[in-house]
Amino acid sequence: MELAVSMLLILLNLASWCVLSEGRLLVDMTLVSDAFCLDGSLPAYHLHRGFGAGASNWLLQFEGGGWCNDIQSCLDRAKTKHGSSLYMNKLEDFNGILSNDASLNPDFYNWNRVKLRYCDGGSFSGDAKFDNGTSVLYFRGQKIWEAIILDLLPKGLGNADKALLSGCSAGGLSSFLQCENFYRALPTNTSVKCLSDAGFFLDERDITLNYTMRTFFENLVSLQGIEKNLDKNCTSFLDNPKLCMFPQYFLNYMATPFFILNTAYDVYQFHHALVPPSADMNGDWKRCKLSIASCTPQQLDILQGFRGDMLAALSSFLKDSTSGGMFINSCFAHCQSETQETWFALGSPSIQDKVHRFHYTCYIL
């Protein structure tokens, strides 16, 4: 009997296609057909099977990694892991929210955990193609998303008891954009929820009063054919439908339970939306960007204003949502669910006897 149990465990480990290396969980890649990365290579995901009480539960995590919103930046991106599966690591390190260690990830360690690799440059939402006779780019993020879901459904996702869609940064934005589609793809008796980590990108003026992030997203939506895949309630309501790339404009239309994890001083947005290089040609913010302790009182006031705008944009969701929630802290960070140090660690903050998964030495709002 002991030999049979041992053989069964070996087979189960082989079936999960993973490698344990010095305490790390490395999970093998699965390629998917019927869709293309920017360069025309096949998209990919990594699946580590659940077990025990979590065997019927699923967690899907969108990989992040910015965007490309013009032909040249997309051509450059197509030669990297964020534009081609040819450059991706075949084994992906699962930690943080993807860890299989109960002591480090007590809520999801035994779930089926999937990492969706990001290779379209448009937050899994585009549907277009560029071909000038010399170069070809596939903006097929929406089809990548659909192809991966179709591949996972017969592998058990279609019979899930619980399913959580999550993501970080550009992947966190993907969680907002695909949450309702995720709900519709699963059986009505599946408990479906979504989580965005550092994906609440604001439509915010920079320090020179220009809408740098707005212009970036408008170009992204136009290039990659994203508008037709944005929330229809939002696009029919706003005069500029491209703004529906920003979660603040369509969040209240979402019906699926949603949890927002974000910092009020998101570092990416600080560096690229509030104080982008184009708005700081003289480098007045260089020291402040390197260390908050080096910011002047005037710069701190501007950062406080950004925090206020973040909370204001979330206020209606906080007030009106009956099934959503949020955890907004005051860390200078970007993404808190993907690494062990910021997901769950010794000394993680506790509120009302609940140990929170997001750990930093920072103030909690």
Side-chain angles (χ1 to χ4, degrees), residues 61-67 95-98 123 165-177 179 194-207 212-213 216-217 245-249 251 258-276 279 285 287-295 299-318 321 324-345 347-351 354-365:
Q61 174 87 350
F62 284 115
E63 182 180 30
W67 311 269
N95 54 38
I97 197 172
L98 296 177
S123 283
L165 183 66
S166 67
C168 160
S169 189
L173 178 57
S174 301
S175 291
F176 281 112
L177 296 171
C179 182
C194 301
L195 161 69
S196 172
D197 176 7
F200 195 79
F201 293 94
L202 281 181
D203 182 23
E204 179 86 349
R205 291 181 186 269
D206 65 30
I207 56 172
T212 298
M213 199 68 185
F216 185 94
F217 271 3
M245 193 73 176
F246 289 99
Q248 69 197 79
Y249 295 121
L251 181 59
F258 207 103
F259 192 87
I260 301 171
L261 166 62
N262 230 96
T263 75
Y265 302 101
D266 184 273
V267 169
Y268 180 91
Q269 296 192 61
F270 171 19
H271 290 184
H272 295 88
L274 182 63
V275 191
W285 283 76
R287 294 182 64 213
C288 180
K289 285 184 174 181
L290 292 173
S291 171
I292 187 64
S294 300
C295 297
Q299 289 170 334
L300 290 176
D301 285 342
I302 291 173
L303 288 172
Q304 283 290 88
F306 180 83
R307 169 187 176 275
D309 291 343
M310 172 76 75
L311 298 179
L314 288 165
S315 62
S316 62
F317 175 71
L318 177 63
S321 176
M326 66 179 76
F327 185 88
I328 311 299
N329 57 43
S330 298
C331 307
F332 280 80
H334 183 67
C335 291
Q336 300 173 82
S337 64
E338 290 191 335
T339 62
Q340 201 57 59
E341 292 75 17
T342 54
W343 174 243
F344 190 78
S348 290
S350 176
I351 299 177
K354 298 289 185 181
V355 177
H356 287 260
R357 309 300 179 225
F358 328 115
H359 170 70
Y360 264 106
T361 301
C362 62
Y363 297 101
I364 305 301
L365 298 178

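Nothing fancy with the numbering, it's 1 onward along the sequence. Worth knowing before you read on, the calculation uses all heavy atoms, side chains too, and leaves out hydrogens, waters and symmetry mates.
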**Q.** Set of residues satisfying ring-ring contact (aromatic ring centres under 6.0 Å, His included) with respect to Phe246, sequence neighbours excluded
**A.** Phe217

Q.
Given 3.5 Å as the limit, does a donor-acceptor pair link the side chain of Ser175 with the main chain of Leu195, or not?
A. yes

Q: Check side chain to side chain donor-acceptor pair (under 3.5 Å) between Asp206 and all other residues, then give those that pass, not counting sequence neighbours.
A: Thr208, Thr212

Q) Gln248 side chain to Asp203 main-chain N or O, any donor-acceptor pair under 3.5 Å? A) yes

Q. Do you know the tightest heavy-atom contact between Arg307 and Ser330?
A. NE-OG, 4.5 Å

Q: Would you please test Asp266 and Phe332 for side-chain contact (heavy atoms from CB on, under 4.5 Å) and show each step?
A: CA-CA 6 Å; Asp266 184 273; Phe332 280 80; over 6 Å; no

(Q) Among residues at least two apart in sequence or on other chains, which ones pass side chain to side chain donor-acceptor pair (under 3.5 Å) with Ser169? (A) His334

Q: Quick one: closest heavy-atom pair of Ala198 and Asn262, and the distance?
A: CA-OD1, 3.3 Å

Q | Between CG on residue Leu165 and OG on residue Ser196, distance to nearest 0.5 Å | A | 9.5 Å

Q) Ignoring hydrogens and geometry, is there a side-chain-to-backbone donor-acceptor pair from Gln340 to Gly96 under 3.5 Å? A) yes

Q: Check whether any side-chain heavy atom of Leu311 sits under 4.5 Å from a side-chain heavy atom of Leu318, and report yes or no.
A: no

Q: Tell me, please, which residues at least two apart from Ser174 pass side-chain contact (heavy atoms from CB on, under 4.5 Å).
A: Phe62, Ser123, Phe124

Donor-acceptor pairs are to be reported for all side-chain atoms of residues 268-275 against protein atoms at under 3.5 Å, with residues two or more places apart or in another chain.
| unit_1 | atom_1 | unit_2 | atom_2 | d |
| --- | --- | --- | --- | --- |
| Gln269 | OE1 | Leu202 | N | 2.9 |
| Gln269 | NE2 | Phe200 | O | 3.0 |
| His272 | ND1 | Tyr268 | O | 3.0 |

Q. Mind checking what makes ring-ring contact (aromatic ring centres under 6.0 Å, His included) contact with Phe317, not counting sequence neighbours?
A. none

Q: May I ask you to test the Trp67-Leu173 pair for a side-chain heavy-atom distance under 4.5 Å?
A: yes

Q. Can Gln336 and Asn329 be counted as having a side-chain donor-acceptor contact under 3.5 angstrom?
A. yes

**Q.** Where Met326 and Leu314 come nearest, the two heavy atoms and their spacing
**A.** CE-O, 3.8 Å

Q) If you look at every heavy atom in Thr342 and Ser337, which pair is closest and at what distance? A) OG1-N, 4.5 Å

Q: Run the numbers on Met310 and Thr263 for side-chain contact (heavy atoms from CB on, under 4.5 Å), then give the verdict.
A: CA-CA 9 Å; Met310 172 76 75; Thr263 75; over 6 Å; no

Q. Would a 4.5 Å heavy-atom cut-off, applied to side chains only, mark Cys295 and Leu303 as touching?
A. yes

Q) Can you tell if the side chain of Ile260 reaches within under 4.5 Å of the side chain of Leu251, non-hydrogen atoms only? A) yes

Q: Take Glu63 and Glu338, measure what side-chain contact (heavy atoms from CB on, under 4.5 Å) needs, and give me the verdict at the end.
A: CA-CA 9 Å; Glu63 182 180 30; Glu338 290 191 335; 5.6 Å; no

Q. Given side chains that start at C-beta, do those of Cys331 and Tyr265 come closer than 4.5 Å, heavy atoms only?
A. no

Q. To the nearest 0.5 Å, what is the distance between CZ (Phe176) and CZ (Phe258)?
A. 4.0 Å

**Q.** For the student: nearest non-hydrogen atoms of Ala170 and Gly65, plus distance
**A.** CB-N, 3.9 Å

